[in-house]
There are 2 protein chains.
Amino acid sequence: MEYTIKGLADLAGVSTRTLRYYDEIGLLKPKRINEAGYRIYGPDEVDTLQQILFYRELGVSLDEIKRIITDPDFNPEQALLDHREKLRARKAQIELLLENIEKTLNQLKGGKPMTDQEKFAGFKKKLVEDNEKAYGAEARKRWGDDAVDESNKKLLNMTEEQYQELEKLTAELNETLKKAMETGDPASPLGQKTAALHKEWLTFFWKEYSKEAHAGLAKMYVADERFKAYYDKIQDGAAEFLRDAIHIYTDKTNE
Amino acid sequence: MEYTIKGLADLAGVSTRTLRYYDEIGLLKPKRINEAGYRIYGPDEVDTLQQILFYRELGVSLDEIKRIITDPDFNPEQALLDHREKLRARKAQIELLLENIEKTLNQLKGGKPMTDQEKFAGFKKKLVEDNEKAYGAEARKRWGDDAVDESNKKLLNMTEEQYQELEKLTAELNETLKKAMETGDPASPLGQKTAALHKEWLTFFWKEYSKEAHAGLAKMYVADERFKAYYDKIQDGAAEFLRDAIHIYTDKTNE
DNA sequence: CCTTGACCTTTCCGTTACGTCAAGGTGTAT
DNA sequence: ATACACCTTGACGTAACGGAAAGGTCAAGG
């Protein structure tokens, strides 16, 4: 099937100006030009336009799209799989915004107030994209740790200030844990200060604190390899020490 | 809570440049300017920015947003309800695109081929918006029948050509129906031609044709007030006549 | 006290992805 | 033969910022 410029434009729901522009920048050249100078598009161009629109829909710049689809290694199937992932992420974002609306409506009707943070949940589209790019170890090499940390911070929806406070608290926690381990006793004042700091640290991530959950997390610190490795890097046996300290801490405040 | 420009920017996930621009165009003025000339934002500005971002997310121009939120009749709750509707529509559009991807992937793997129309299903975002605006009888007054017809055509995902063919066919069907009714006999050649034309007309909307479904639709034409009114406007009793003609037609080709 | 470094200001030019004329050629249905 | 709906190439306009220049402000640390 062959199309004139308006035929293809109507088919795809874009303007003829758009198709001429795509021709101009070399993104989508017509299959041929007829005697009268008209642009004639064929089946291949139809499929390419479909791919272009998928990328455009996802906010990729035309320049980038051109780079991608003219790449000799371009794999249409993989591209579609990528699109699917992105679209699912976008769907999730919309669901976040819908939740946000429900909360805001609730607040308007005299329900519980929202924090300023919550008011902007779901809007950080670009940041989510950045995170996607930054995902994985390879990203750290390509953009450096700073970029990845930046992205994480944004994902956590924190202000600069809060993030710095978290960093400080993390450092203090690790420092105190190290010192406490020198005493060798999880029940010692330093050991218990570590547990208290850990509770404070947790409030950055948890909406509500409960002793049970805290104690449960402590157990997991030893059971889960990833957590264990993180704490053992500070000092060998740190995960176990922290677990014990937390258990004593949560038991103590229980009575 | 008060924020400096970067504080609010970080909170909302926008750039400071964006906030300065919003100030410049009068969309979001800071609560006050301090002695040093710094922009200081308060709680009201936080809430306004949230509303702005909702509208922006939905593709409303900043000019339009300004008009909306400075309107003395502006109702924040109604606005949120509107946002919710739009977001749900967008979610539906994404689901359409996801279906499109599945189909395209299936075709790549040697599954059944897609029509060129299908390849662009889900992309007509602007057209869907237009349709939303054009929805309801009031819209016909405001934009005229042409605009609404245009929108309908696009929604049906037809090319200009196909649409013209449909219009022609519709006219021919109505014409033939009128003439056939003069004979008074649904079984007459003209009556049967009407039924045949109706079948052809149906293929514009149905993916697959079956005599049973066709006969069923004919019954509905009489039972459903809306359909009955449409055909009776052509001539009184037209719905019944067409139903009978179709029943004879589908019975005949049955044997 | 003085210097850093992260903030803040205004001004101005650049960019992307087209929309919108303008001025003219083409194709075909009546 | 004349509409009328197509097509062409310029060329200018636009929205919503990004980014750089040139400079003022402020809290923290040596």
Side-chain angles (χ1 to χ4, degrees), chain A residues 2-30 32-41 49 52-53 55-67 123 125-126 130 146 150 159-161 163-165 167-168, chain B residues 2-41 49 52-53 55-67 123 125-126 130 146 150 153 159-161 163-165 167-168:
Chain A
E2 295 200 327
Y3 295 98
T4 63
I5 196 165
K6 188 158 194 304
L8 182 57
D10 283 349
L11 179 70
V14 301
S15 70
T16 57
R17 179 68 177 88
T18 297
L19 291 181
R20 277 190 207 100
Y21 182 65
Y22 289 177
D23 183 5
E24 187 186 331
I25 64 173
L27 180 58
L28 182 68
K29 294 263 178 213
R32 64 191 175 82
I33 307 285
N34 76 5
E35 332 79 54
Y38 288 18
R39 292 172 177 83
I40 307 294
Y41 297 88
L49 181 55
I52 291 172
L53 292 186
Y55 279 108
R56 191 183 70 164
E57 182 67 27
L58 292 165
V60 181
S61 75
L62 299 186
D63 233 46
E64 183 84 0
I65 297 178
K66 188 175 165 186
R67 254 202 43 250
F123 282 119
K125 198 166 51 177
K126 215 183 295 175
D130 288 355
D146 284 357
E150 183 70 12
T159 62
E160 193 71 33
E161 240 174 304
Y163 191 69
Q164 274 168 23
E165 207 186 327
E167 294 254 280
K168 222 176 73 187
Chain B
E2 296 201 328
Y3 296 98
T4 63
I5 196 162
K6 187 155 194 302
L8 183 57
D10 282 349
L11 179 69
V14 301
S15 70
T16 57
R17 179 69 179 86
T18 297
L19 290 180
R20 277 189 207 101
Y21 182 65
Y22 289 178
D23 183 5
E24 187 187 332
I25 64 172
L27 180 59
L28 182 70
K29 295 261 178 215
K31 183 177 147 194
R32 62 190 178 83
I33 306 284
N34 77 4
E35 333 78 56
Y38 288 17
R39 293 172 177 81
I40 307 292
Y41 297 88
L49 182 55
I52 291 171
L53 293 186
Y55 279 108
R56 192 183 71 165
E57 181 66 26
L58 292 166
V60 181
S61 75
L62 299 185
D63 233 46
E64 182 84 0
I65 297 177
K66 190 176 165 187
R67 254 202 45 248
F123 282 119
K125 197 166 52 178
K126 216 183 292 173
D130 288 355
D146 284 357
E150 184 69 13
K153 172 180 55 182
T159 63
E160 193 70 35
E161 239 175 306
Y163 190 70
Q164 276 168 20
E165 208 187 329
E167 294 252 281
K168 224 175 73 186

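Proteins get letters first, then strands, A, B, ... in listed order; numbering begins at 1 in each.
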Colleague: Applying ring-ring contact (aromatic ring centres under 6.0 Å, His included), name anything that partners A:Y22, two or more places apart in sequence or on another chain.
Modeller: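 Partners of A:Y22 by the ring-ring contact (aromatic ring centres under 6.0 Å, His included) criterion come out as none, since no residue qualifies.
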Colleague: Verify side chain to side chain contact (heavy atoms under 4.5 Å, CB included) between B:L62 and B:Y21, making sure each step is shown before the conclusion.
Modeller: CA-CA 11 Å; B:L62 299 185; B:Y21 182 65; 3.7 Å; yes
Colleague: For nucleotides 26-28 of chain C, print each protein N/O atom paired with a nucleotide N/O atom at under 3.5 Å, atom names and distance only.
Modeller:
from, atom 1, to, atom 2, distance (Å)
C:dT26, O4', A:Y38, OH, 3.3

Colleague: Counting only Watson-Crick pairs (N1-N3 plus N6-O4 or O6-N4) and G-U wobbles (N1-O2, O6-N3), all under 3.5 Å, who is the partner of D:dG30?
Modeller: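 Result: C:dC1.
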Colleague: Quick one: B:K66 NZ to D:dA15 C1', roughly how many Å, whole number?
Modeller: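 The answer, rounded to whole Å, is 14 Å.
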Colleague: Only counting residues at least two apart or in another chain, list the ones meeting salt bridge (charged side-chain N to carboxylate O under 4.0 Å, His left out) with A:R20.
Modeller: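 Scan of A:R20 (salt bridge (charged side-chain N to carboxylate O under 4.0 Å, His left out), adjacent residues dropped) gives none.
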Colleague: Specify the separation, in whole Å, of atom CG of A:L19 and atom C1' of C:dC18.
Modeller: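 For the pair A:L19 CG and C:dC18 C1', the rounded distance is 12 Å.
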Colleague: Write down the distance between CZ (B:R17) and P (C:dC13), rounded to a whole number of angstrom.
Modeller: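 These atoms are roughly 13 Å apart.
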Colleague: Find the distance B:K6:NZ to C:dC7:P and express it as a whole number of Å.
Modeller: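 B:K6 atom NZ is separated from C:dC7 atom P by 5 Å.
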Colleague: So if I take residues 20-30 of chain B and measure heavy-atom distances to DNA chain C, which residues fall below 4.0 Å?
Modeller: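 Heavy-atom cutoff 4.0 Å gives B:R20.
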Colleague: Whole-Å distance between D:dG24 P and B:I33 CD1?
Modeller: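 Taking CD1 of B:I33 and P of D:dG24, I get 19 Å after rounding.
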Colleague: Kindly write out the residues that satisfy side chain to side chain donor-acceptor pair (under 3.5 Å) with B:R17, not counting sequence neighbours, or none if the list is empty.
Modeller: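 With sequence neighbours excluded, B:R17 shows a side chain to side chain donor-acceptor pair (under 3.5 Å) to no residue whatsoever.
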Colleague: Mind checking side chain to side chain donor-acceptor pair (under 3.5 Å) for B:E64 and listing every partner two or more places apart, or none if nothing turns up?
Modeller: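 Counting only residues at least two positions away or on another chain, B:E64 forms a side chain to side chain donor-acceptor pair (under 3.5 Å) with B:R67.
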Colleague: Let me know the distance between CZ of B:R67 and C1' of D:dA15, rounded to the nearest Å.
Modeller: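 Going from B:R67 (CZ) to D:dA15 (C1'), I get 17 Å.
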Colleague: Rounded to whole Å, how long is the line connecting atom CZ of B:R56 with atom C1' of D:dA15?
Modeller: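 Rounded to whole Å, this separation is 13 Å.
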Colleague: Please tell me if A:S15 has a side-chain N or O lying less than 4.0 Å from either OP1 or OP2 of C:dC18.
Modeller: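 Looking at the OP1 and OP2 atoms of C:dC18, neither is under 4.0 Å from any side-chain N or O of A:S15.
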Colleague: Sequence neighbours left out, what passes side chain to side chain donor-acceptor pair (under 3.5 Å) with A:D23? Give chain and number order.
Modeller: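 In terms of side chain to side chain donor-acceptor pair (under 3.5 Å), with neighbours along the sequence ignored, A:D23 is linked to A:K29, A:R39.
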Colleague: Can you sort out the partners of B:S61 under side chain to side chain donor-acceptor pair (under 3.5 Å), two or more places apart, ordered by chain and number?
Modeller: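 Side chain to side chain donor-acceptor pair (under 3.5 Å) list for B:S61, sorted by chain: empty.
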Colleague: Give a yes/no on whether any side-chain N or O of B:T16 is located under 4.0 angstrom from OP1 or OP2 of C:dC8.
Modeller: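 The answer is no; no side-chain N or O of B:T16 sits under 4.0 Å from OP1 or OP2.
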Colleague: Should A:T4 be listed as having a side-chain N or O under 4.0 Å from OP1 or OP2 of D:dC7?
Modeller: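 Result: yes.
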Colleague: By salt bridge (charged side-chain N to carboxylate O under 4.0 Å, His left out), which residues pair with A:R56, not counting sequence neighbours?
Modeller: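 For A:R56 there are no salt bridge (charged side-chain N to carboxylate O under 4.0 Å, His left out) partners, ignoring immediate neighbours.
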Colleague: In whole Å, what is the span from the CG atom of A:L8 to the P atom of D:dC6?
Modeller: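 Rounded to the whole Å, the gap is 15 Å.
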Colleague: Can you tell me if B:N34 has over 12 outside heavy atoms packed within less than 6.0 Å of its CG?
Modeller: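 Counting neighbours around CG of B:N34, more than 12 heavy atoms of other residues, nucleotides or ligands fall under 6.0 Å, so yes.
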